[in-house]
Structures are given as C-alpha cells and as structure tokens.
Amino acid sequence: MVVNAAITQRRTASPRAGRLSVSGYSQGMFRTARPDDFAQIIRLYRQLNPDDPVLDDGSDAAAFQQILGSPGLRLFVLDLDGVVVATTYLNVIPNLSRSAAPYAVIENVVVEETRRGTGLGRQIMAGTLQAAWDAGCYKAMLMTGSRTPATHAFYRACGFAPDVKTAYLARPPAAQG
C-alpha cells in the first residue's frame with residue numbers, strides 16, 4: 001500500500017500560494033481559484049473564446065463547482081490587487097506507465113488582454129508547471145489552436161517543446177438533422 005500512499009500524496013499536493021517573481025514585471029498572487037472567482041474567470045474565458053454562447057442555465061457554474069471539488073483538477077488564478085488577471089486549468093491524470101507517475105494537461109491559459117506582454121503569462125505558467133511537478137507529474141502537455149507566432153514563442157519560452165509529440169484532435173460528429 002506504499003504505492004497508493006504515494007499516489008494519494010501526489011494527488012493532494014498543493015502549491016503554496018504566493019508571489020512568483022518574474023524579473024522586471026508586475027507580480028500577482030498565484031493561487032487556487034475560489035468559488036467567488038467564478039465571474040472573473042468567465043470574463044477571461046470570454047476573451048479566450050468570444051464566440052462561445054453565454055450560458056444562462058447555470059451549467060457553467062455547476063461545471064465550475066465540479067472542477068473545484070474534483071481531486072486532480074486544479075483551476076489557478078493570478079490575482080493582482082483583488083482582480084483575477086490570468087487563469088490556467090491543470091488536469092493531473094493518474095497513469096499506469098512511467099512508474100505510475102501521473103501526467104498533466106494544461107488548458108485554458110488566459111491573460112487579461114490589456115495586460116498581455118507584461119510577464120503575467122510567464123508567472124501563471126511557472127506556478128502551474130510547479131504544481132504539476134509538485135503533484136509528481138512526469139510531463140506536462142498543452143495544445144493551442146493559435147496560429148500566432150508570439151503564442152508559440154511564449155509556450156517555448158515557458159519550457160514547452162513543439163516537436164516532441166504530435167497532437168491529434170477529434171470532435172463528435174455533427175448532429176444529424
């Protein structure tokens with residue numbers, strides 16, 4: 001049962017909230033999202049995907065609560081003087097290969113559009129990656145649909161390599177009418 005204890009320890013490891021230093025730039029408080037962050041996170045997601053429909057049935061709030069309550073799912077924010085200026089979503093996934101070390105998938109990386117280029121993106125990515133390493137992950141992955149060279153340069157500067165694996169994406173078939 002030592003293995004189970006190690007997996008539990010990795011799953012429950014949590015990064016310490018705190019200010020992460022990115023030389024010469026604004027610093028925010030990197031922390032796990034709280035229930036009262038919902039509206040600010042949704043505001044950032046609207047910047048990421050402006051064509052997404054506005055949900056008025058509460059399903060987004062229910063998903064938010066499910067994420068906050070699920071082990072292995074971590075929603076992080078960068079809080080600058082009480083305002084959420086960046087967010088990331090870390091999924092720590094149990095694994096049977098690689099000595100049963102989990103791996104991480106990072107999604108929905110968003111920095112407030114008026115604050116991009118100020119170092120906040122690097123700061124939240126550094127905290128998110130540290131959380132993955134603290135959870136015992138042997139790798140962290142992300143995908144981007146962006147064709148913007150600056151976006152790819154940003155991820156490379158954060159330590160991601162674009163040429164190690166090939167990503168494929170499938171979507172459900174369109175509803176038959």
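Predicted, not measured: the structure shown is a model, and the values here were computed from it.
- Applying the ring pair (Phe, Tyr, Trp, His ring centres under 6.0 Å) test to Tyr155 and every residue at least two apart in sequence or in another chain returns nothing.
- Heavy-atom minimum distance, Leu90 versus Ala132: CD2-N, 3.9 Å.
- Between Arg31 and Asp37 there is a salt bridge, with a side-chain nitrogen of the basic residue lying less than 4.0 Å from a carboxylate oxygen of the acidic one.
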Pair Phe160, Ile106 - check side-chain contact (heavy atoms from CB on, under 4.5 Å), show working. CA-CA 11 Å; Phe160 290 91; Ile106 299 170; 3.9 Å; yes
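- Screening residues 48-67 for salt bridge (Lys or Arg N to Asp or Glu O under 4.0 Å) gives no qualifying pairs among residues at least two apart or on separate chains.
- Across Gln40 and Gly82, no two heavy atoms sit closer than the pair NE2-O, 3.7 Å.
- Residues satisfying the salt bridge (Lys or Arg N to Asp or Glu O under 4.0 Å) test with Arg46, not counting sequence neighbours, are none.
- Here Arg43 pairs with Glu112 under the side-chain hydrogen bond (donor to acceptor under 3.5 Å, both in side chains) rule; sequence neighbours left out.
- For Leu80 against Gly28, the heavy-atom pair with the smallest separation is CD1-CA, 3.9 Å.
- Nearest heavy atoms, Pro102 versus Gly136: CD-O, 3.5 Å.
- To the nearest 0.5 Å, atom OG1 of residue Thr118 and atom CD of residue Gln123 are 9.0 Å apart.
- Counting only residues at least two apart or on different chains, no ring pair (Phe, Tyr, Trp, His ring centres under 6.0 Å) pair has a member in residues 113-134.
- Thr151 meets the side-chain hydrogen bond (donor to acceptor under 3.5 Å, both in side chains) test with Ser146; sequence neighbours excluded.
- Through direct or indirect side-chain contacts shorter than 4.5 Å among Ile, Leu, Val, Met, Phe, Trp and Tyr, Val110 is connected to Phe38, Ile41, Ile42, Leu44, Tyr45, Leu48, Phe64, Ile67, Leu68, Leu73, Leu75, Val77, Val84, Tyr89.
- A pairwise comparison of heavy atoms in Cys137 and Val92 identifies SG-CG1, 3.8 Å as the closest pair.
- Hydrophobic cluster membership for Tyr103: Ile93, Val105, Tyr138, Met141 (Ile, Leu, Val, Met, Phe, Trp, Tyr linked by side-chain heavy atoms under 4.5 Å, directly or transitively).
- Residues passing the salt bridge (Lys or Arg N to Asp or Glu O under 4.0 Å) test with Asp36, sequence neighbours excluded: Arg34.
- Note that the CD atom of Gln47 and the CZ atom of Arg116 stand 6.0 Å from one another [nearest 0.5 Å].
- Without hydrogens or angle criteria, Thr87 side chain to Phe76 main chain gives a donor-acceptor distance under 3.5 Å.
- Residues Pro35 and Gln65 come closest through the heavy atom pair CB-NE2, 4.0 Å.
- Residues satisfying the side-chain hydrogen bond (donor to acceptor under 3.5 Å, both in side chains) criterion with Thr88, sequence neighbours excluded, are Thr128.
- Checking side-chain atoms of Arg74 against main-chain N and O of Thr32 turns up no donor-acceptor pair under 3.5 Å.
- Annotation for Met143: hydrophobic cluster partners, listed by chain and number, are Leu169 (ILVMFWY side-chain heavy atoms under 4.5 Å, direct or chained).
- By the side-chain hydrogen bond (donor to acceptor under 3.5 Å, both in side chains) test, Thr166 pairs with no residue at all, sequence neighbours left out.
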Apply side-chain contact (heavy atoms from CB on, under 4.5 Å) to Met125 and Leu142, showing your working. CA-CA 11 Å; Met125 286 302 296; Leu142 64 77; 3.9 Å; yes
